[in-house]
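First the structure, in the form of C-alpha cells, and then the observations on it.
If you're wondering where the values come from, they're calculated on a predicted model, not measured in any experiment.
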Amino acid sequence: MEFRIADTFTDALGRLPAQEQKAVKTSAFDLQLDPSAPGLSFHRIETSKDPNFWSVRVGRDVRIIVHKTAASLLLAYVDHHDKAYAWAERRRIEAHPRTGAVQIVEVRERVEETSPARATPARKRRVAAARVASMSGLDVRERRFSPPAPHARSTRTPAAGPKPQLFELLTNDDLLSVGVPWDWLDLVQVATEDSFFDLAAHLPAEAAESLLEYAATGRLNAPAPVSPENAFLSPDAQRRFRVVENQEELERALEFPWDKWGVFLHPSQRETVERAFTGPARVAGSAGTGKTVVALHRAVRLAAADPAARVLLTTFSEPLARSLERKLAVLSGPSTGVIPRITVAPWQGVAQELYQLAFGGRPRVAGDDVVRATLEAAARSLGVTEVSIRFLVSEWTYVVDAWRIETPEAYADVPRLGRKNRMGRARRERIWPVFAGARASLADRGFSTWPEIFARVAEHYASQTRKPFSNVVVDEAQDLGVPELKFLAAIAPEGSDALFFAGDLGQRIFQQPFSWKALGLDVRGRSQILKVNYRTSHQIRMSADRLLPKSLRDVDGMVDERAGTISVFDGPAPVILTPPDENAEIAAVADFIRSALGDGIEPHEIGVFVRSEAELPRARAAVGAAGKPALELSQRAEDPGARVSIGTMHLAKGLEFKAVAVMACDQEVLPLQSRIDAVADEVELDDVYETERQLFYVACTRARDRLLVTGVAPASEFLQDLARR
C-alpha cells in the first residue's frame with residue numbers, strides 16, 4: 001500500500017498549536033508504520049460524498065482525515081473534530097475525467113456560498129474585479145475584461161451588457177480540458193470579472209490558473225492528459241500529493257509544514273528542475289515565484305543522479321548561503337549521500353577557497369575604504385583635479401577593475417554600458433595614470449581587489465581539464481558582476497547542465513547591467529519565467545509590484561515579463577505608517593511584533609529590516625520593546641532560536657518570514673542620500689534610484705502574510721508608490 005501526503009494536510013497541520021502538532025505527527029508515523037494497528041481508531045465519514053474518507057482519532061478532539069483505498073492511504077486533512085468532518089463532507093478525491101490528474105474537489109452542492117443566486121454587495125464586486133485585474137497585470141481603472149477572441153471550437157456568441165461573462169466562448173469540452181470539475185462547469189460558464197476570483201478559490205489550482213490566463217490573454221493552455229495508472233504522477237497531481245517512501249521522508253515533510261517547497265512543486269518548477277539543458281540556462285520570475293526552490297531541487301537532482309557529482313550551490317552573501325544550507329538539509333535529509341556532494345557557499349567564499357588551493361595562502365582583500373583612499377592619493381600625486389573622487393571610484397568599480405583593464409589601449413576600447421560620460425581620448429589619457437598608479441600601490445602593499453581575485457582564479461582554472469565542480473547552480477544571479485560571471489564559467493565544465501542561474505532583474509541591487517552574451521554565456525532559448533507566487537500573499541505582492549515596471553529588459557534583449565504573476569493565497573493588506581518621530585515608530589513596530597507573536601507566529605518567523613547599518617539601533621529598540629531578543633543577520637548563527645531577525649535590506653535578499661517590518665524608511669534614508677551624492681553622471685543617478693527602489697522591493701517581498709512599512713515623517717517618496725491605488 002502506498003502512503004501519500006497532501007498539501008492540504010501540511011497546510012492544516014501548520015495552523016494547529018505546537019502540542020497538537022506533536023500529537024498529530026505521532027499518529028501520522030503510526031499510520032505509516034502499520035495502518036491496521038489496533039490502537040488506531042478509524043471511523044468512516046458517512047456524511048461525505050466520497051466513501052473513501054475516514055477519520056483517525058488524535059487525542060480528545062483532533063482528527064486526521066485520511067483517504068483510504070485498497071492501493072493507498074493518503075493523509076488529506078487535520079483539524080478539530082467538527083471542522084475536520086466539515087472539510088471531508090465538502091470534498092471528494094478523484095481523477096479528473098479529462099486530464100487524468102487526481103484532484104481534491106469541493107462538492108458543488110455543499111458549497112453554499114458560491115450559489116449563483118447569492119447576492120454580492122457592490123463593494124465586494126469592485127474588490128473582486130480589482131483583484132482579478134491586478135492578478136493579470138491589468139489596471140482595472142484603465143480597462144475592464146473583454147471576451148477573448150472567438151475560440152475555434154466554440155459556437156456561442158458573446159452576451160450583451162456591460163459585464164461580459166469571461167468564459168462564455170468556451171465549451172464544456174474546453175473547460176474540462178484544463179481540469180474544471182464536471183459539477184462546476186455551468187458556474188464557470190457564467191462567471192464575470194466580478195465573481196471569478198471568489199469562484200477560482202473553489203477550483204483545483206490548475207483549472208483556476210488556466211482560466212485566469214485565458215481571461216487575461218485569450219489563450220487556453222490545456223495540459224497533456226495522463227493515463228489512469230499515472231493519475232498521481234501527473235505534474236498537476238504532484239503539486240498537491242507526494243508519495244512518502246519511509247519515516248524519514250514523512251518526518252521531514254511534517255517537521256517543516258510551512259516549507260511546502262520541500263515536498264510539493266508547481267508543474268512549471270518541476271519542469272525546470274528536471275529538464276536537461278544543452279548549455280547555460282536560467283530561470284527568472286518576480287519575488288516569491290520559487291526561483292530558489294528550483295535552484296535547490298535542481299542541485300539535489302544533479303547530485304543524486306551521479307555519485308561522482310561535485311555540485312556548487314552558490315549565492316551572493318553568507319547569510320543567504322546559510323539559509324540555503326538549512327533548506328538543503330530539509331530537502332535531502334541528513335542520512336542521504338547527497339549533501340556531501342553539494343558545496344554551499346557565497347561566491348566570494350568559493351573564490352577565496354579556490355585561490356588558496358591554487359596559489360597557497362588567502363588573499364589580502366582591499367575594502368572600499370582602502371580603494372577610495374588609494375585612488376585619492378594617486379590623483380593628488382599626479383595633479384589630476386578635473387574629475388571628482390566620486391567619478392574615479394565609480395569608474396574604477398564599474399569599468400577599470402570590473403573588466404580588469406591593464407593598458408591605456410584597453411581602457412580606450414572597454415564597453416561603457418549605461419554610462420553617460422563618453423570619455424574623449426584626451427580625458428582618458430589624462431586619468432588613466434591614476435588607475436595605473438592605484439593598482440601599483442595596492443599591489444605594493446599586498447592588497448588584491450575582489451575582481452582581481454576572481455580573475456586570477458578564473459585564469460587558473462580556465463586552462464585546467466579537471467574543474468573543481470561538475471555543476472554550478474547560482475541563486476540571485478541578477479547580482480553577478482563581470483568578474484564573478486567569468487569566474488563561475490571558468491570553474492564549471494563545458495556541456496549539458498554545467499551552469500544554471502536563478503535570478504530576477506527586478507531584484508538587482510548591486511551591479512550595473514552588462515552583456516552576458518558578450519562574455520560567451522547565452523541563455524536565450526534556455527530561459528523560463530515562473531508566474532505562480534506561493535510565498536507572498538496577494539495583497540503584499542500587489543503592493544510591492546507597484547514599485548517596479550511590468551517588464552524589464554536586460555542588455556542582451558531578454559525581457560522578463562512581470563505582468564500576469566498570480567499569488568495563490570490571501571492575507572491582510574500591508575500597513576504603511578509615517579509616525580512623527582523615532583519613538584513613535586519604535587512603538588508601532590513593537591506593537592506589530594507583539595501582535596504577530598500573539599497570533600502564533602514564532603519569533604524566528606519575524607524579520608525587521610532597515611536601509612543601512614546606521615538605522616539598525618532603531619530595529620534593535622523595536623524588537624527589545626516587543627520583549628524579544630534580536631538576531632542580527634550579519635552574525636553567523638546556525639539556529640535562530642526564539643529571536644527576531646534584524647538586518648539591512650541587502651541581507652534580506654533571498655530570505656522569507658511570515659511577518660516583516662520594514663522601518664526607518666525616512667526621507668534621505670531611502671533612497672540613501674550618500675549614494676545620490678556619490679553619483680558621477682545622470683545615468684548613474686538613474687541607476688541609483690532604480691536599485692534603491694529594487695532594494696525596497698526586495699525587503700517588502702520577504703513577507704509572506706504580514707507587512708508593516710514605516711518611516712518618520714516626512715517619509716521616503718517610495719512609500720507613496722507602495723500605497724498608491
Checklist entry - Are any non-hydrogen side-chain atoms of Leu211 and Leu203 less than 4.5 angstrom apart? => result yes
Checklist entry - Is there side-chain contact between Val294 and Phe500, with heavy atoms separated by less than 4.5 Å? => result yes
Checklist entry - Okay, side chain of Gln21, backbone of Leu16: is any donor-acceptor separation there less than 3.5 Å? => result yes
Item to check | salt_bridge(Asp186, Arg108) N-O dist < 4.0 Å | outcome: yes
Next on the checklist: Quick check: closest heavy atoms across Ala208 and Phe196, and the distance to 0.1 Å?
Outcome noted: O-CZ, 4.0 Å
Checklist entry - Under 3.5 Å, side chain of Ser210 to main-chain N/O of Val178, donor-acceptor pair present? => result no
Checklist entry - Between Glu106 and Lys49, is the closest basic N to carboxylate O distance under 4.0 Å? => result no
Next on the checklist: Looking at Trp184 and Val105, would you say the former's side chain and the latter's main chain have a donor-acceptor pair under 3.5 Å?
Outcome noted: no
Checklist entry - Is a side-chain donor-acceptor pair under 3.5 Å present for Thr10 with Asp7? => result no
Checklist entry - Looking at side-chain heavy atoms only, is the closest gap between Arg706 and Ser595 below 4.5 Å? => result yes
Checklist entry - Without hydrogens or angle criteria, can the side chains of Ser48 and Glu89 be said to hold a donor-acceptor pair below 3.5 Å? => result no
Checklist entry - Can you list the steps and then say if Phe232 with Phe241 is a ring-ring contact (aromatic ring centres under 6.0 Å, His included)? => result CA-CA 7 Å; Phe232 276 102; Phe241 304 112; 5.4 Å; yes
Checklist entry - If only atom types and distance count, is the side chain of Arg301 paired as donor or acceptor with the main-chain N or O of Val273 below 3.5 Å? => result yes
Checklist outcome for this item: Scanning both residues in full, the closest heavy-atom pair of Asp236 with Pro267 reads OD1-CG, 3.3 Å
Item to check | Asp183 vs Arg92 side-chain heavy atoms within contact, under 4.5 Å | outcome: yes
Checklist entry - Is a donor on one side and an acceptor on the other found under 3.5 Å between the side chain of Gln103 and the backbone of Gly179? => result yes
Checklist entry - Taking 4.0 angstrom as the limit, do Lys327 and Glu656 come out as a salt bridge? => result yes
Checklist entry - Charged N to carboxylate O below 4.0 Å: is that the case for Glu2 and Arg4? => result yes
Checklist entry - So which heavy atom on Val180 is nearest to which on His96, and how close? => result O-NE2, 2.8 Å
Checklist entry - How many angstroms lie between OG in Ser55 and CZ in Arg57, if you round to the nearest 0.5 Å? => result 9.5 Å
Checklist entry - Can you name the closest pair of heavy atoms from Leu75 and Ala28 and give their distance? => result CD1-CB, 3.9 Å
Checklist entry - Could you state the interatomic distance from NE2 (His538) to OG (Ser543), rounded to the nearest 0.5 Å? => result 8.5 Å
Next on the checklist: Testing the 3.5 Å rule here: is there a donor-acceptor pair between the side chains of Ser36 and Asp34?
Outcome noted: yes
Checklist entry - Under the 3.5 angstrom rule, does the side chain of Arg44 hit a backbone N or O of Pro51 as a donor-acceptor pair? => result yes
Checklist entry - Would a 4.5 Å heavy-atom cut-off, applied to side chains only, mark Val107 and Arg90 as touching? => result no
Item to check | Side chains of Thr314 and Val473 in contact at under 4.5 Å (non-hydrogen atoms) | outcome: no
Next on the checklist: For a 4.5 angstrom cut-off between non-hydrogen side-chain atoms, does Ser634 reach Leu651?
Outcome noted: yes
Next on the checklist: Is it the case that the side chain of Glu605 and the backbone of Glu602 share a donor-acceptor pair, with hydrogens and angles ignored and the cut-off at 3.5 Å?
Outcome noted: yes
Next on the checklist: Salt bridge or not between Arg15 and Asp79? Use side-chain N to carboxylate O under 4.0 Å.
Outcome noted: no
Checklist entry - When the ring planes of Trp54 and Phe42 are compared, do they come out parallel, tilted or perpendicular, using 30° and 60° as the limits? => result perpendicular
Checklist entry - Going by atom types alone, do His67 and Thr69 pair a side-chain donor with an acceptor below 3.5 Å? => result no
Checklist entry - Is the backbone N or O of Leu655 less than 3.5 Å from a side-chain atom of Arg702, with the two atoms forming a donor-acceptor pair by type? => result yes
Next on the checklist: Would the distance check show the side chain of Thr701 and the main-chain N or O of Val698 forming a donor-acceptor pair, the cut-off being under 3.5 Å?
Outcome noted: yes
Item to check | Under 3.5 Å side-chain donor-acceptor pair for His81 and Asp61 | outcome: no
Next on the checklist: I'd like to know if Glu20 pairs up with Arg60 as an ion pair, taking the criterion as any Lys NZ or Arg NE/NH1/NH2 lying under 4.0 Å from an Asp or Glu carboxylate oxygen.
Outcome noted: no
Checklist entry - Does any donor atom in the side chain of Thr292 or Asp475 lie under 3.5 Å from an acceptor atom in the other side chain? => result yes
Checklist entry - Distance from Arg341 atom CZ to Leu312 atom CG, nearest 0.5 Å? => result 15.5 Å
Next on the checklist: Can you give me the closest heavy-atom contact between Ala222 and Ser177, atom names plus distance?
Outcome noted: CB-O, 3.5 Å
Next on the checklist: Is the positively charged end of Arg63 above the ring of Tyr85, judged by distance under 6.0 angstrom from the centroid and angle within 45° of the axis?
Outcome noted: no
Next on the checklist: Measuring only between side-chain heavy atoms, which start at C-beta, is Pro204 closer than 4.5 Å to Ile104?
Outcome noted: no
Checklist entry - Under 6.0 Å between ring centres, would you say that holds for Phe657 and Phe609? => result yes
Checklist entry - For the side chain of Thr315 and the backbone of Glu476, is there at least one donor-acceptor N/O pair under 3.5 Å apart? => result no
